Amino acid sequence: MSFSSIPILDLSLADNPDTKPALLADLRHALLEVGFLYIKNTGIPSELIQQVITLGKSFFSLPEDEKLKCEMVNAPSFLGYNKLGMEITRFKTDWREQIDLSTPHPVPQPGDPLYRNLLAPNLWPDEAALPGFKEIYERYMLLMGDMSIRFTSLCAEAIGMPANAFDRFFDDAQQHKLKIVKYPDLDELGVDGAVEAQGVGPHKDSMLSSYLLQASNHRGLQVQNADGKWIDCVPIDGTFVVAIGQGMEALTQGVCQSTTHRVLSPQRGLGARYSIPFFQGVSYDATFESMNIPENVKALRQEILDRRGEKLDDIEFTFIKGMWSRLGEATLMNRIKSHPDVGERWYPELLKKIREQQAEEAKNAAAKDAAKQNGSIAPQVPTVQAH
């Protein structure tokens, strides 16, 4: 039986040696069986979280010309503002408006690898238009970065590794990223007669872990279990929703599970849904090496897969071994894939290669669909690209 709900873990239990073992056991269950969880008592001040929510929503109320001053297409870093419908997941448009930010970094130097274009200054909205926005979000990203490192150390312990097992994948140029996202409801989208629309399509997060602050009381986030059913991940005050990323799945040889999820646009009349996901990064210079996972933990994961009749997913786009020498190269290609307008302006040759690959993938997918209709192969739950 696959999971039917998302577990809630209290991180403050890690501070007490009497309660920490039970927390690690619950965390191991979440890592191996679900790949998604809520966490509470994370140490992030509640007043800061409220400021982040208020300023995040206020950004979308700025005049269009103010938002376009920090438009993503203006820089090769894939940081900045995106108008509604400017991002793509699984060949379909995501109906969301957003701004991408990251921990601060200087302009790349001449001769740096091309992927270091991702490490660049943010495109901030004008301070006069939105006072305090930059200061609050830089503080929030700093604290979230520290919290994410603490959480992944607990993940390492939960699967029988030293607490510092992931440290070698971090460096001084560490880039954590964040999105502020508005999902308009069906009325605002002007979609006639639709039962649902794609806020963001089915995908798995890349890197190690992601931490979603659900900034409005809307349903919409859904997680796909091993039976292919979509499980609601409803907003719960005082929590972050953690998604285990493909990076952690790859580095732990599939022991930690990265799970497919999506967002549906709010139903008409409910107003916009807001969310603020934070994405823990790893060094772009890191190579695709796996950790020495204890055999008993790998065996436990295999028992779960055998019980469900599953096989380990292929580690997807961002983490295909042998295709890229460094994580930064794979990440850059993934960003071009999601934001072809930026690719067209700054990376036209790489975009051309991606479109050739997509055409081949579409051809293969069409052939598989035809075979399914003819009954020659069994239906499967589709895997998706990193996003």
Side-chain angles (χ1 to χ4, degrees), residues 3 5-50 52 103 139-171 174 176-178 205 207-214 223 233-259 276-282 291-294 296-298 300-301 304:
F3 67 88
S5 61
I6 311 301
I8 305 172
L9 272 63
D10 184 345
L11 290 196
S12 68
L13 299 179
D15 300 329
N16 185 330
D18 294 330
T19 56
K20 186 175 180 179
L23 171 67
L24 293 179
D26 289 342
L27 179 55
R28 184 171 70 169
H29 168 81
L31 294 172
L32 272 62
E33 297 245 21
V34 185
F36 252 73
L37 62 151
Y38 297 91
I39 54 174
K40 63 181 182 179
N41 294 325
T42 60
I44 307 297
S46 58
E47 63 273 16
L48 175 62
I49 290 173
Q50 190 53 56
V52 164
T103 44
R139 182 184 172 208
Y140 180 71
M141 286 188 285
L142 178 64
L143 294 181
M144 289 295 291
D146 291 343
M147 189 270 284
S148 72
I149 299 296
R150 176 183 177 228
F151 178 78
T152 50
S153 73
L154 291 173
C155 291
E157 290 185 89
I159 62 170
M161 302 292 295
N164 65 352
F166 290 106
D167 286 2
R168 59 191 168 124
F169 300 104
F170 305 136
D171 62 17
Q174 190 71 19
H176 304 299
K177 301 177 87 170
L178 174 147
D205 289 349
M207 303 305 178
L208 292 186
S209 54
S210 306
Y211 305 80
L212 172 64
L213 173 59
Q214 300 201 70
V223 183
C233 195
V234 300
I236 299 177
D237 288 343
T239 69
F240 294 98
V241 178
V242 180
I244 300 305
Q246 292 181 88
M248 189 175 290
E249 183 173 346
L251 296 175
T252 62
Q253 300 174 40
V255 170
C256 296
Q257 177 172 305
S258 181
T259 304
I276 306 172
F278 175 90
F279 304 94
Q280 180 190 39
V282 297
M291 297 192 298
N292 183 23
I293 305 301
N296 65 309
V297 178
K298 287 194 287 187
L300 179 58
R301 172 65 175 153
I304 294 169

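It should be emphasised that the depicted structure is a prediction, and the values quoted were computed from it without experimental measurement.
Remark: the Gln257 side chain and the Arg301 side chain contain an N/O donor-acceptor pair separated by less than 3.5 Å.
The salt bridge (Lys or Arg N to Asp or Glu O under 4.0 Å) contacts involving residues 5-17 comprise Asp15-Arg150, where partners must be two or more places apart or lie in separate chains. For residues 155-170, every residue pair satisfying the side chain to side chain donor-acceptor pair (under 3.5 Å) rule, not counting sequence neighbours, is listed here: Lys20-Glu157, Arg168-Glu289. Applying the ring-ring contact (aromatic ring centres under 6.0 Å, His included) test to residues at least two apart or on different chains, the pairs with a partner in residues 15-36 are Phe36-His261.
Distance OG1/Thr19 to CG/Leu24: 9.5 Å, rounded to 0.5 Å.
Partners of Phe240 under the ring pair (Phe, Tyr, Trp, His ring centres under 6.0 Å) rule, at least two apart in sequence or in another chain, do not exist in this structure. Scanning for ring pair (Phe, Tyr, Trp, His ring centres under 6.0 Å) contacts around Phe151 gives Tyr211, with sequence neighbours left out. For Tyr140, the ring pair (Phe, Tyr, Trp, His ring centres under 6.0 Å) criterion is met by no residue, not counting sequence neighbours. Not counting sequence neighbours, the partners of Gln214 by the side chain to side chain donor-acceptor pair (under 3.5 Å) test are Arg273. Residues meeting the side chain to side chain donor-acceptor pair (under 3.5 Å) test with Thr152, sequence neighbours left out: Gln280. Applying the side chain to side chain donor-acceptor pair (under 3.5 Å) criterion to Thr42, with sequence neighbours excluded, gives no partner residue. Residues forming a salt bridge (Lys or Arg N to Asp or Glu O under 4.0 Å) with Arg139 (at least two apart in sequence, or on another chain): none. Under the rule for a side chain to side chain donor-acceptor pair (under 3.5 Å), the partners of Asp171 that lie at least two apart in sequence or sit in another chain are Ser283. Remark: Thr239 pairs with Tyr38, Lys40, Ile236 by the side chain to side chain contact (heavy atoms under 4.5 Å, CB included) rule, at least two apart or across chains.
Between Ala30 and Pro7 the shortest heavy-atom distance is CB-CG, 3.9 Å.
Leu9 has its side chain within reach of Leu23: a pair of non-hydrogen atoms, C-beta onward, lies under 4.5 Å apart. Counting heavy atoms from C-beta on, the side chains of Leu208 and Leu251 come closer than 4.5 Å. Looking only at side-chain heavy atoms (C-beta outward), Met207 and Phe279 stay at 4.5 Å or farther from each other. In this structure, the side chains of Thr103 and Leu142 stay at 4.5 Å or more apart for every pair of heavy atoms.
For Asn16, the CG atom sits in a packed shell: over 12 heavy atoms of surrounding residues, nucleotides or ligands are nearer than 6.0 Å.
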